[in-house]
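Here's the structure, in C-alpha cells; my notes come after.
Letters A, B, ... are given to chains in the order of the sequence lines, protein chains preceding strands, and every chain is numbered from 1. Model, not experiment: these values are computed from the prediction.
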Number of protein chains: 2
Amino acid sequence: MNRRQSLGTLAALLGGPTVAASARAATPPRRYGHLLAVGGAEDRERDRLILRRFIELSGGPQARLLVLTVASSDPAASWEGYRRVFEALGAQRVEPLDLREPAQANDPAVVDRILDADGIYLSGGDQRRLMGVLWESAAARALHLAFHVRGCCIGGTSAGAAALSRQMLAIGEPALRPYRDAVSLDIGLGLLASAIIDQHFNERHRLARLLSALALRPDLLGVGIDEDTALLIERGRSVEVLGNGAVTLVDARQMRTNVREADPEQPLQMLDVRLHLLPAGTRYEVVDLDPRVPAPPPALRQALELLVRPGPIRG
Amino acid sequence: MNRRQSLGTLAALLGGPTVAASARAATPPRRYGHLLAVGGAEDRERDRLILRRFIELSGGPQARLLVLTVASSDPAASWEGYRRVFEALGAQRVEPLDLREPAQANDPAVVDRILDADGIYLSGGDQRRLMGVLWESAAARALHLAFHVRGCCIGGTSAGAAALSRQMLAIGEPALRPYRDAVSLDIGLGLLASAIIDQHFNERHRLARLLSALALRPDLLGVGIDEDTALLIERGRSVEVLGNGAVTLVDARQMRTNVREADPEQPLQMLDVRLHLLPAGTRYEVVDLDPRVPAPPPALRQALELLVRPGPIRG
C-alpha cells in the first residue's frame with residue numbers, strides 16, 4: 001500500500017468510533033508520533049531551537065508543515081510570523097490553515113490537508129476559540145489519526161499547547177493560592193490523555209492555578225511549561241525538555257485535599273503534592289530504558305508514564 | 001524558688017555552653033514556648049487576629065511585652081505602629097527594645113529585660129541588620145532561655161520571621177526558577193532548628209527562591225508564609241495556621257537534584273519535592289495526638305515533626 005492509498009484508507013475511516021483498531025490494522029505506524037508542547041514566546045530570532053527541532057521531527061526541509069492559526073484573533077499576522085521563521089529555518093513546504101467556523105472543520109479538503117501533513121503547529125491565541133471551532137469535528141479526528149497512525153509531529157504553543165490535552169485549562173484567573181473557583185476546565189484535543197498543560201508557567205506565576213485544576217482532577221498530571229521552553233513527548237517512549245526554561249510536573253495523585261468542603265473562594269488545603277522540576281536539557285526514557293540514559297527515580301517515572309501513555313484515538 | 005530567683009539563675013547561666021542542661025535542671029518549664037512566625041503585613045486595623053493571639057499566648061493584657069525593632073531601619077516608627085495596635089488590643093505593659101550596635105546586645109540590662117518578658121515580637125525590616133546586632137550576643141542567648149525555659153512567646157514578622165530559624169534566607173533575588181546562586185544563607189536566631197522560613201510568600205512569588213535554598217539544604221523543611229498569615233508552633237506539640245492566607249511547607253528530603261554540577265545561573269533539576277499547603281484554620285497535633293483532631297497524613301506528619309522538634313539552646 002503506497003502513501004496515497006494509506007491516506008485514502010484513513011480518510012474513509014474518519015467517521016466511526018471503531019477508527020482506532022481498524023486504522024491501526026490497516027496502517028502500521030511508520031514512526032512514533034511526537035508532541036511538542038511549547039510554553040509560549042518561543043525564540044524566533046536567535047537559536048530558534050524549538051522551531052528548528054519541530055522541523056526536524058517533522059522530517060526536515062521537505063516536510064509538509066501546516067501552521068494552524070485557529071486559536072489566533074489575527075490569523076494573518078500569526079501565519080506571517082511563522083512563515084518567516086520556518087522559511088528562514090529552511091522549511092520548503094509550509095502552509096497556513098485557518099478555520100473560523102465549525103463547518104469549515106468538517107470540510108473534506110481540510111481533512112485531506114491535515115492527513116497530508118508531516119508536521120502541524122498550533123499557534124497561540126485562545127484555546128477556547130480553537131476548541132470552539134474544532135470540537136468534535138472531522139479536522140480534530142484527522143489530527144488524531146495524523147498523530148497516532150501517521151506519526152505526524154504535532155506542536156502547539158501557548159493556547160495551542162493548552163489544547164493538546166483531553167482536560168484543558170479553559171479559564172484561569174491569576175491566583176495567589178489555589179482555590180476551587182480559580183479555574184474552569186473544558187475539553188481539549190485529547191492528544192495527551194492523562195495530563196493538563198499550563199503555559200507561560202513561571203513567568204506568569206501559574207502554579208496556584210494549576211494546583212487549583214489538580215484539586216479538582218488529581219488523577220491528571222499537571223504540566224507547567226515556561227516560555228521559550230518545550231516539552232517533547234515521544235509517544236510511548238521518552239520525554240525531553242528543550243529551550244531556555246523548565247517544565248514543572250505536579251503529581252497530586254497522593255494528595256489529600258478539602259476541595260469538596262471548602263468555600264469556593266477560600267485557599268485550599270492540599271497535602272502531599274509532588275513536584276518535579278525539569279530544566280531544559282533533561283531527557284528521560286520511560287520504557288525500553290536505554291542503559292546510557294540515567295533512569296528516572298521511581299516517583300518521577302510514575303509521573304512520566306502518564307505523559308507518554310498513548311490516549312485513545314478519538315473518533 | 002520564686003520568679004526573681006529563677007531569672008537570676010538564668011542570667012548567671014548566660015555565659016557558658018552547658019546552659020541547656022543546667023538551666024533545664026534548675027528551672028522546669030512553666031509551659032510550652034510558642035513561636036509565632038508571621039509572613040509580614042499582618043492586619044493592624046480590622047480583626048487583628050494574629051496580634052491578638054500573640055497577646056493571648058503571652059499571657060493576656062497584663063503580660064510584659066517587648067517589641068524588638070532591631071531589624072527596622074526606622075525603629076521609632078516601627079515601635080509607634082506596634083504600640084498603637086497592642087494598646088488598642090488591651091495590652092497594658094508593652095515596651096520597645098531597640099539595639100543598634102552589637103555592644104548593646106551584651107548589656108546586662110538588656111538581658112534582664114528579655115528574661116523578664118512574657119512575649120517578644122520581632123519587627124520587620126532586614127534580617128541581616130537584626131543578626132548583625134544580635135549574632136552571638138548575650139541578648140540572643142537570653143531569647144533562647146526566655147523561649148525554651150520560661151515559655152516566653154516569641155513572634156516575628158517578615159524579617160523577624162526569617163530570623164527565627166537557624167539557617168536564615170539572608171539575600172534572595174526574585175527568581176522565576178530555582179538556581180544555585182539565587183539565595184545566600186546565613187545564621188539566624190536558631191529558635192527553629194530544622195526549618196528555613198520565607199515570608200510574603202505567595203504575594204512575592206517566592207517558591208523558586210525557597211526551592212533554591214532547599215537545593216543547598218534539603219535536610220531543612222522549607223516554610224513559606226503568606227502575608228497576614230502566621231504559623232504558630234507549640235514547641236514539641238502542635239502546629240496551627242492563623243490569618244488570611246496559607247503556609248506552604250516544602251519537603252525536599254527525598255529530592256534528587258543536580259545542584260552540585262549545575263551552572264550557578266542555570267535552572268536546577270529538582271525531582272520529588274513534596275508540597276503541603278496549609279490554609280489558615282489548619283491545626284495539627286504532632287505528638288500526644290488528640291483523638292478529636294484529625295491526624296496528619298504520614299508525609300505531612302514527618303514534615304511537621306521537623307517544625308515542632310525543639311532545637312538545642314544556643315549558649
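No part of D251(B) comes within reach of chain A, as not one of its non-hydrogen atoms sits under 4.5 angstrom from that chain. Of the two parts of R256(A), only the side chain, counted from C-beta on, holds a non-hydrogen atom closer than 4.5 Å to a non-hydrogen atom of chain B. The contact between L268(B) and chain A is made entirely by backbone atoms, counting heavy-atom distances below 4.5 Å. In this structure, the portion of L300(B) lying under 4.5 Å from any heavy atom of chain A is its side chain and not its backbone.
Listed in order of number, the residues of residues 203-210 of chain A that approach chain B to under 4.5 Å between heavy atoms are E203(A), H205(A), L207(A). Residues of residues 275-282 of chain B that come closer than 4.5 Å to chain A, counting heavy atoms only, are L275(B), H276(B), L277(B), L278(B), P279(B), T282(B), ordered by residue number.
In this structure, the separation between CG on L176(A) and CZ on F201(B) is 11.5 Å, given to the nearest 0.5 Å. To the nearest 0.5 Å, atom CD of residue Q302(B) and atom CG of residue D272(A) are 9.0 Å apart. For the atom pair CG (N244(A)) and CZ (R177(B)), the distance works out to 8.0 Å, reported to the nearest 0.5 Å.
Taking Q266(B), R274(B), M255(B) one by one and counting their heavy-atom pairs under 4.5 Å with chain A, the maximum is reached by R274(B). When each of A299(B), P297(B), P267(B), A246(B) is checked for heavy-atom pairs under 4.5 Å with chain A, P297(B) comes out on top.
Dense packing is recorded around CD of E261(A), with more than 12 heavy atoms of other residues, nucleotides or ligands lying under 6.0 Å away.
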